[in-house]
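Following: one structure in structure tokens, then a few remarks.
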Amino acid sequence: MNDTTPKPILILGGTGKTGRRLAERLTAQGLPVRIGSRSGTPRFDWEVRATWGPAMHGVSAVYISYYPDLAVPGAAEVIGAFARLAVQNGITRLVLLSGRGEAEAQRAEEMVKASGADWTILRCAWFSQNFSEGFLVEPLLEGEVALPVGNVGEPFVDADDIADAAFAVLTEPGHVGQLYALTGPRLLSFADAVAEIGKAAGRDIRFVRISHEEFTAAVGAHELPAEFAWLLNELFTEVLDGRNESLTDGVQRVLGRQPRDFFAYATATAATGIWSN
Ligand SMILES: NC(=O)c1ccc[n+]([C@@H]2O[C@H](COP(=O)([O-])OP(=O)(O)OC[C@H]3O[C@@H](n4cnc5c(N)ncnc54)[C@H](OP(=O)(O)O)[C@@H]3O)[C@@H](O)[C@H]2O)c1
């Protein structure tokens with residue numbers, strides 16, 4: 001008897017910013033998903049390679065969202081090893097969530113391309129949701145965001161647009177071998193972004209530029225791991241140096257519509273109360 005049950009799509013980082021949204025979209029269309037994370041069944045852990053094979057067993061495709069960040073040295077080798085194992089296991093469709101202007105992320109892209117899989121790359125700007133689903137929530141609540149970044153413009157992209165794009169490339173033909181650079185529709189400095197959140201939330205929230213040393217000390221004072229300070233300093237130094245100060249048409253190319261503006265994100269997110277004391 002033929003088994004006609006569709007195979008699930010494995011979503012790595014399936015409880016994170018983009019993976020959770022992609023899982024919701026696929027599930028809403030009745031498509032089976034498997035969450036790939038340390039809380040998934042079976043458990044998937046990037047740091048425990050023995051968990052990779054069982055997590056990918058019997059799936060049709062994988063959405064690869066790496067953790068903590070593709071900017072971490074060695075991430076490309078890990079992605080390459082994962083992609084090769086997937087192809088060995090007969091999984092040919094891989095979608096990589098990547099980052100703009102990050103040398104290590106671009107190396108990871110090359111690893112996926114070289115794996116022999118049918119690949120699609122979503123090369124993304126900074127997510128708007130870093131302000132509401134990440135380390136910036138606490139300083140926003142406290143009324144002051146202090147970061148080692150100046151007046152550089154970043155085209156923050158909405159995680160809902162990334163999830164819409166991931167859904168489209170996984171469910172429609174025509175996206176194999178495509179690299180889509182996904183940005184929002186407008187360049188904002190971090191000071192601009194914080195000001196727009198303050199306006200949307202009806203609160204006075206300040207932005208302060210600090211040095212990398214001050215930032216590292218502040219991260220340490222919050223008892224966050226030193227690697228976290230390293231990663232953020234790396235991103236603020238290497239990526240936010242003006243190299244990404246441009247808009248792309250990736251959202252338009254995949255979805256046939258404009259990306260969501262940061263102020264729309266800020267307004268809708270403020271309404272959830274997350275930035276209100
Ligand atoms: N954030 C941005 O602005 C941005 C921009 C461009 C590209 N990216 C790329 O997007 C990727 C995801 O970043 P994100 O900030 O959006 O993170 P995220 O997806 O929100 O991260 C959390 C997810 O990672 C899982 N996770 C944590 N540790 C794990 C481990 N050891 N093994 C397996 N899964 C683990 C978590 O689930 P469990 O806790 O259940 O394990 C959760 O599903 C990164 O590779 C980054 O380079 C991010």
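We count residues from 1, following the sequence as given. We count ligands from 1, going down the list as the structure has it; atoms in each ligand are counted the same way.
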Identify the closest protein heavy atom to [atom]: which residue and atom is it, and at what distance?
atom                    : result
atom 31 (N) of ligand 1 : Asp45 OD1, 2.9 Å
atom 47 (O) of ligand 1 : Leu70 N, 2.9 Å
atom 3 (O) of ligand 1  : Asn130 ND2, 2.7 Å
atom 32 (N) of ligand 1 : Trp46 N, 3.0 Å
atom 14 (P) of ligand 1 : Lys17 NZ, 3.4 Å
atom 24 (O) of ligand 1 : Tyr67 CD1, 3.5 Å
atom 8 (N) of ligand 1  : Phe127 CZ, 3.7 Å
atom 45 (O) of ligand 1 : Tyr66 O, 2.7 Å

Per-atom contacts, ligand 1 versus [X] - under 4.0 Å to a heavy atom:
X      : value
Trp126 : 3 (O)
Cys124 : 6 (C)
Ser98  : 6 (C), 7 (C)
Ser65  : 11 (C), 12 (C), 19 (O)
Leu97  : 10 (O), 11 (C)
Gly14  : 43 (O)
Asp69  : 44 (C), 45 (O), 46 (C), 47 (O)
Thr15  : 36 (C), 37 (O), 40 (O), 42 (C), 43 (O)

Taking 4.0 Å as the limit for heavy-atom contacts, which would you say applies to Ala125 with ligand 1: side chain only, backbone only, both, or neither?
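It is the backbone that touches ligand 1; the side chain stays farther off.
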
Have a look at ligand 1 and work out which part of Ala105, if any, has a heavy atom under 4.0 Å from it: side chain, backbone, both or neither.
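No part of Ala105 comes within reach of ligand 1.
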
Partner of Asp164 by salt bridge (charged side-chain N to carboxylate O under 4.0 Å, His left out), out of Arg257, Arg21, Arg260
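So, applying the salt bridge (charged side-chain N to carboxylate O under 4.0 Å, His left out) to Asp164 and each of Arg257, Arg21, Arg260, only Arg257 qualifies.
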
Would you tell me whether [X] and [Y] have side-chain atoms, one donor and one acceptor, within less than 3.5 Å of each other?
X      : Y      : value
Thr18  : Tyr63  : yes
Gln129 : Ser132 : no
Gln178 : Thr120 : no
Arg123 : Thr183 : no

Shortest heavy-atom approach to atom 13 (O) of ligand 1 - which of Gly99, Ala71, Pro68
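Minimum heavy-atom distance to atom 13 (O) of ligand 1 goes to Pro68.
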
Heavy-atom nearest option to atom 30 (C) of ligand 1, drawn from Gln129, Arg38, Arg20
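Among Gln129, Arg38, Arg20, the closest heavy atom to atom 30 (C) of ligand 1 belongs to Arg38.
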
Between Phe156 and Tyr265, does the ring pair (Phe, Tyr, Trp, His ring centres under 6.0 Å) criterion hold? Intermediate values first, please.
CA-CA 10 Å; Phe156 294 99; Tyr265 152 78; 9.0 Å; no

So, Trp52 versus Phe82, ring centres under 6.0 angstrom or not?
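Judged by ring-centre distance (under 6.0 Å), Trp52 and Phe82 do meet the cut-off.
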
Please check if atom NZ in Lys199 has more than 12 non-hydrogen atoms from other residues, nucleotides or ligands closer than 6.0 Å.
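Incorrect, the count does not exceed 12.
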
Identify whether the distance between the nearest side-chain nitrogen and carboxylate oxygen of Arg186 and Asp192 falls below 4.0 Å.
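Salt bridge flag = no for Asp192 with Arg186.
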
Nearest non-hydrogen partners of Ser60 and Ile91, listed with the distance
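It is O-CG2, 4.0 Å.
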
Closest contact, heavy atoms only, Arg243 versus Gly101:
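Scanning both residues completely, I find the closest heavy atoms to be NH1-O, 2.7 Å.
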
Classify the ring geometry between Phe215 and Phe135 as parallel (under 30°), tilted (30 to 60°) or perpendicular (over 60°).
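Rings of Phe215 and Phe135: perpendicular, as their planes differ by over 60°.
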
